[in-house]
A.B. asks: 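Got a structure for you, written out below as structure tokens; questions coming shortly.
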Amino acid sequence: MADVDSSKSLSGLLNGIAQKVYHNNPEITEELLKNELYPDLSQEEFHALHEKMKGLLKSIASADMDQAQLEAFLTAQTRKQGSGGVSGEQAAALSKFWKSQRARVRESLLGQSRWEPALRGLSWRVDLQTSASRGEPVNTPVAVVEVELGRTGEESEFVCMEFDEAKVNQVLKKMAEIQQSIDSIVQRS
């Protein structure tokens with residue numbers, strides 16, 4: 001019976017950590033989890049357990065481990081000596097938790113990593129400007145770019161920009177610099 005209670009407490013702790021860290025639930029505090037799940041542990045013992053489980057959960061979530069990776073990770077953790085490792089019971093609780101909550105945690109992480117407002121659409125065209133405001137003939141190409149920006153669940157905002165040839169070249173140069181930076185980072189990994 002003690003094993004069942006211990007397993008339930010550990011499962012509750014993992015769910016509480018997920019609610020706090022990944023679902024931004026401000027009602028879940030370390031103190032609440034201690035009082036509800038582990039009232040017999042000292043504050044230091046509970047804090048150590050909480051931080052260990054939180055660290056393991058963050059490692060598992062940031063790697064978005066599949067079942068095979070999780071099993072290998074947990075096996076390595078159970079073989080660790082001292083307080084850094086996990087017990088078989090803790091490994092089983094982590095495995096059960098991750099199997100049921102992986103999709104929700106992943107979706108939450110993706111949601112937290114999105115930039116807002118997000119680019120929803122982009123359209124462009126090239127117009128030929130035939131005369132200036134003073135009526136003189138010009139015949140120069142102008143790029144017209146319309147950008148649609150928006151936050152999730154809100155209406156979009158549209159931004160319209162005009163570029164002459166020099167500005168288009170500047171934008172293309174900046175985009176090439178950004179691509180080079182991304183390529184250099186990707187090649188290092």
Side-chain angles (χ1 to χ4, degrees), residues 1-120 149-157 178 180-189:
M1 188 69 178
D3 284 348
V4 171
D5 288 343
S6 177
S7 178
K8 282 184 179 180
S9 294
L10 196 52
S11 178
L13 177 61
L14 292 170
N15 280 301
I17 292 169
Q19 282 295 315
K20 182 179 176 184
V21 174
Y22 301 109
H23 305 297
N24 300 319
N25 187 340
E27 296 173 5
I28 305 294
T29 63
E30 187 174 330
E31 184 179 337
L32 173 76
L33 293 172
K34 181 199 178 305
N35 293 339
E36 294 294 320
L37 301 170
Y38 293 96
D40 299 336
L41 284 183
S42 71
Q43 187 61 39
E44 295 81 30
E45 290 173 322
F46 178 76
H47 182 71
L49 176 64
H50 180 270
E51 290 303 307
K52 179 166 67 171
M53 291 298 122
K54 185 172 148 186
L56 289 167
L57 203 51
K58 281 186 171 185
S59 295
I60 293 166
S62 64
D64 191 25
M65 292 184 188
D66 62 24
Q67 207 55 39
Q69 292 169 321
L70 179 65
E71 290 303 318
F73 176 74
L74 291 176
T75 299
Q77 292 299 314
T78 55
R79 290 185 179 155
K80 275 188 177 179
Q81 299 296 320
S83 64
V86 297
S87 68
E89 177 188 358
Q90 290 171 335
L94 279 162
S95 180
K96 182 178 176 184
F97 170 82
W98 189 242
K99 191 180 285 185
S100 68
Q101 297 295 318
R102 178 183 182 192
R104 289 185 65 213
V105 169
R106 184 176 187 281
E107 193 60 38
S108 174
L109 284 172
L110 287 173
Q112 292 173 17
S113 67
R114 288 189 189 115
W115 291 349
E116 293 281 342
L119 178 65
R120 290 187 174 169
L149 303 170
R151 296 187 192 298
T152 305
E154 294 181 11
E155 284 193 34
S156 296
E157 180 180 334
I178 292 168
Q180 285 177 336
S181 294
I182 291 170
D183 290 345
S184 68
I185 291 169
V186 170
Q187 288 174 355
R188 278 189 237 147
S189 299

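Nothing fancy with the numbering, it's 1 onward along the sequence.
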A.B. asks: Taking only residues at least two apart or on different chains, which pairs with a member in residues 53-66 satisfy side chain to side chain donor-acceptor pair (under 3.5 Å)?
C.D. replies: D64-R102, D64-R106
A.B. asks: Calculate, to the nearest 0.5 Å, the distance between atoms CD and CD1 belonging to E36 and I28 respectively.
C.D. replies: 9.5 Å
A.B. asks: OG/S100 to NZ/K96 distance, rounded to the nearest 0.5 angstrom?
C.D. replies: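 If I round to the nearest 0.5 Å, the distance is 8.0 Å.
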A.B. asks: Please report the closest heavy-atom contact between I17 and L33, naming both atoms and the distance.
C.D. replies: N-CD1, 4.3 Å
A.B. asks: Which value, rounded to the nearest 0.5 Å, describes the distance between Q101 atom CD and E107 atom CD?
C.D. replies: 13.0 Å
A.B. asks: Compare all side-chain heavy atoms of H47 with those of S42 and state whether any distance is below 4.5 angstrom.
C.D. replies: no
A.B. asks: Do L13 and F46 have side chains that approach each other closer than 4.5 Å (heavy atoms only, starting at C-beta)?
C.D. replies: yes
A.B. asks: With a sphere of 6.0 Å drawn around CD of E31, does it hold more than 12 non-hydrogen atoms of other residues, nucleotides or ligands?
C.D. replies: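 At most 12 heavy atoms, drawn from other residues, nucleotides or ligands, come within 6.0 Å of this atom.
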A.B. asks: I want to check something: taking the side chain as every heavy atom from C-beta on, are Q90 and M53 in contact at a cut-off of under 4.5 Å?
C.D. replies: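 Counting from C-beta outward, Q90 and M53 do come under 4.5 Å.
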A.B. asks: With the side chain counted from C-beta on, respond yes when K34 and E45 share a heavy-atom pair under 4.5 Å apart, and no when they do not.
C.D. replies: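 No, every pair of side-chain atoms sits at 4.5 Å or beyond.
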A.B. asks: So, the side chain of S9 versus the backbone of L37: is there a donor-acceptor pair under 3.5 Å, distance only?
C.D. replies: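 Looks like yes, one N/O pair under 3.5 Å.
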A.B. asks: Is the closest side-chain donor-acceptor distance between S7 and E89 under 3.5 Å?
C.D. replies: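 On atom types as modelled, these side chains do not qualify, holding no pair under 3.5 Å.
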A.B. asks: What is the distance from atom CD1 of I178 to atom CG of D183, rounded to the nearest 0.5 Å?
C.D. replies: 12.0 Å
A.B. asks: Mind checking the CZ-CD spacing from R104 to Q19? Nearest 0.5 Å is all I need.
C.D. replies: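 That separation rounds to 6.0 Å.
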A.B. asks: State whether the side chain of S95 and the backbone N or O of A91 hold a donor-acceptor pair below 3.5 Å, judged by distance alone.
C.D. replies: no
A.B. asks: Between R151 and E157, is a side-chain contact (heavy atoms from CB on, under 4.5 Å) present by the stated rule, with each step listed?
C.D. replies: CA-CA 9 Å; R151 296 187 192 298; E157 180 180 334; over 6 Å; no
A.B. asks: Within the 4.5 Å heavy-atom criterion, are W98 and V105 side-chain neighbours or not?
C.D. replies: yes
A.B. asks: What heavy-atom pair brings L149 and P117 nearest, and what distance separates the two atoms?
C.D. replies: CB-CB, 4.4 Å
A.B. asks: Under a 4.5 Å cut-off applied to non-hydrogen side-chain atoms, are L57 and F97 in contact?
C.D. replies: yes
A.B. asks: For S181 and S184, work out which heavy atoms get closest and say how close.
C.D. replies: O-OG, 2.8 Å
A.B. asks: Looking at side-chain heavy atoms only, is the closest gap between H50 and Y38 below 4.5 Å?
C.D. replies: no
A.B. asks: Between K52 and G85 (side chain of the first, backbone of the second, donor and acceptor by atom type, cut-off under 3.5 Å), is there such a pair?
C.D. replies: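 Yes: the side chain of K52 pairs with the backbone of G85.
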